[in-house]
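Numbers for residues simply follow the sequence, beginning at 1. Start at 1 and go down the list; that is how both ligands and their atoms are numbered.
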Amino acid sequence: MRLLVTGGLGFIGSNFVRWSLAAYPTLKITNLDLRTYAGNPANLKGMKGAARHRWVKGDVADPAAVDRVMRGVDAVVHFAAESHVDRSILDASSFLKTNVTGTQVLLDAARRHGVGRFVHVSTDEVYGSVAKGESKETDPLLPNSPYAASKAASDLMVRSAYITHGLPVVTTRCSNNFGPYQFPEKALPLMITNWIEGKPFPLYGDGLNIRDWVHVSDHCRGVDMVLRKGVVGETYNIGGTASLTNRELVGMVRRIMKVPESLVVPVKDRQGHDRRYAVDCAKLRRLGFKHSTTFETALRATIDWYRENAWWWQPLKGRGDVKAYYKKQYAGRGKK
Ligand code: NAD
Ligand code: DAU
């Protein structure tokens, strides 16, 4: 199989590329990635099957670049996106270009080239905040952040490509991922790396927002299952095994890392901060999906990975553009 993966230098995309090349000895992957602030070739360092992988630097919103890489492709797995909610609150423009226009450019090219399957990797955030129960794939989309709104728009473009043009699409909507190679601006890698450095972790608001945590390897296995067994035109939720308030998460990581409470600093809340996400994964389980690890085991392994791989995250945290982002992010925010 010849696969086009988009965003394969990012956190989940690189884990997917690494996992897939090891799992399928004849698989070939073209990886279209613009290498934005979040894209990092070091994420693929030392991977098995590297000779069957080719990174092409390019923008998913650039029709000519997309057309070139789409030739001869059997299937597309589309991860490329602007993915950080806090950045979308500061400026949503790149979210619209990459997440909405980029998805549309890919769908059009996939149709022109007769691609056999298009897997669109989306998020549980498109359902909005759910006070009780679990979101089903048929629930209405009620996104709240600019990031979530751009992902919901892309989901609807994917749906329209299926209904109008018959493109063989499948969509996944996953909950909060964690694991190796996650850019250290997201809550868990920020918390772990700050604490390794003896710095505080900024806890937004009252810390009672609930997220459902899934190890990235299970997300990758879920995406692969949908690629191979999912029903065309359908959407599949992919959830985790640990529904936790941020306070509970902080408490668990503090206990494992033996960090004092003084390194948790409450700060002003994120604007429009969704209170709770939860997805019903029965549909994916009917395809045969099972989680491969427990939350605590995967969390301990993740903490160990960041402890052992400071070479990977330290240069990212020290970068000028990352420092400039935090300056903007905390301008006028500060402590509660
Ligand atoms: P990430 O920010 O770590 O990586 C995004 C990748 O996309 C980077 O390599 C970046 O260079 C690339 N990219 C960005 N704009 C591009 C463009 N215009 N053209 C080509 N490449 C571009 O993101 P992630 O956390 O790995 O998320 C991957 C996908 O999974 C996203 O679609 C996201 O919405 C979805 N998702 C993420 C999570 C999560 O918890 N991180 C959960 C559910 C769904
Ligand atoms: O639910 C899936 C989504 O999960 C993905 O679609 C997104 O791409 C991904 O970034 C993630 O979004 P969240 O906003 O849930 O993740 P984040 O790691 O930014 O925050 C997790 C929780 O922690 C959230 O309630 C906000 C809080 N938080 C976050 C940061 C960065 C803090 O309290 N302090 C922080 O510094």
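Residue-to-ligand polar distances place Asp33 within reach of ligand 1: an N/O pair is separated by less than 3.5 Å. Distances between N or O atoms of Leu203 and those of ligand 2 include no value under 3.5 Å.
Between Phe16 and Phe79, the angle of the ring planes lies from 30° to 60°, which puts this pair in the tilted group.
The protein heavy atom nearest to atom 11 (C) of ligand 2 is Asn176 ND2, 3.5 Å.
Distances shorter than 4.0 angstrom do not occur between any heavy atom of Phe183 and any atom of ligand 1. Residue contact check for ligand 2: His273 places a non-hydrogen atom closer than 4.0 Å to it.
Nearest heavy atom pair, residue Ser150 against residue Phe95, reads CB-O, 3.8 Å.
Looking at Asn176 against ligand 1, only its backbone comes within 4.0 Å, counting heavy atoms.
Of the candidates Tyr37, Tyr181, Tyr147, Tyr277, it is Tyr147 that places a heavy atom closest to atom 34 (O) of ligand 1. Selection from Ser83, Ala81, Gly102 by nearest heavy atom to atom 2 (O) of ligand 1 gives Ser83. With atom 10 (O) of ligand 2 as the reference point, the heavy atom nearest to it among Arg87, Lys186, Arg275 is part of Lys186. Nearest residue to atom 29 (C) of ligand 2 from Phe11, Phe183, Tyr326, Tyr204 is Tyr204 (criterion: closest heavy atom). The heavy atom nearest to atom 20 (C) of ligand 1, considering only Ile12, Thr6, Leu34, is found in Leu34. For atom 43 (C) of ligand 1, the candidate residues are Cys174, Gly8, Ala61; the nearest heavy-atom contact is made by Cys174.
Environment of CZ in Arg52: crowded, with over 12 heavy atoms of neighbouring residues, nucleotides or ligands closer than 6.0 Å.
Between the side chain of Arg247 and the backbone N or O of Asp206 there is at least one donor-acceptor pair closer than 3.5 Å.
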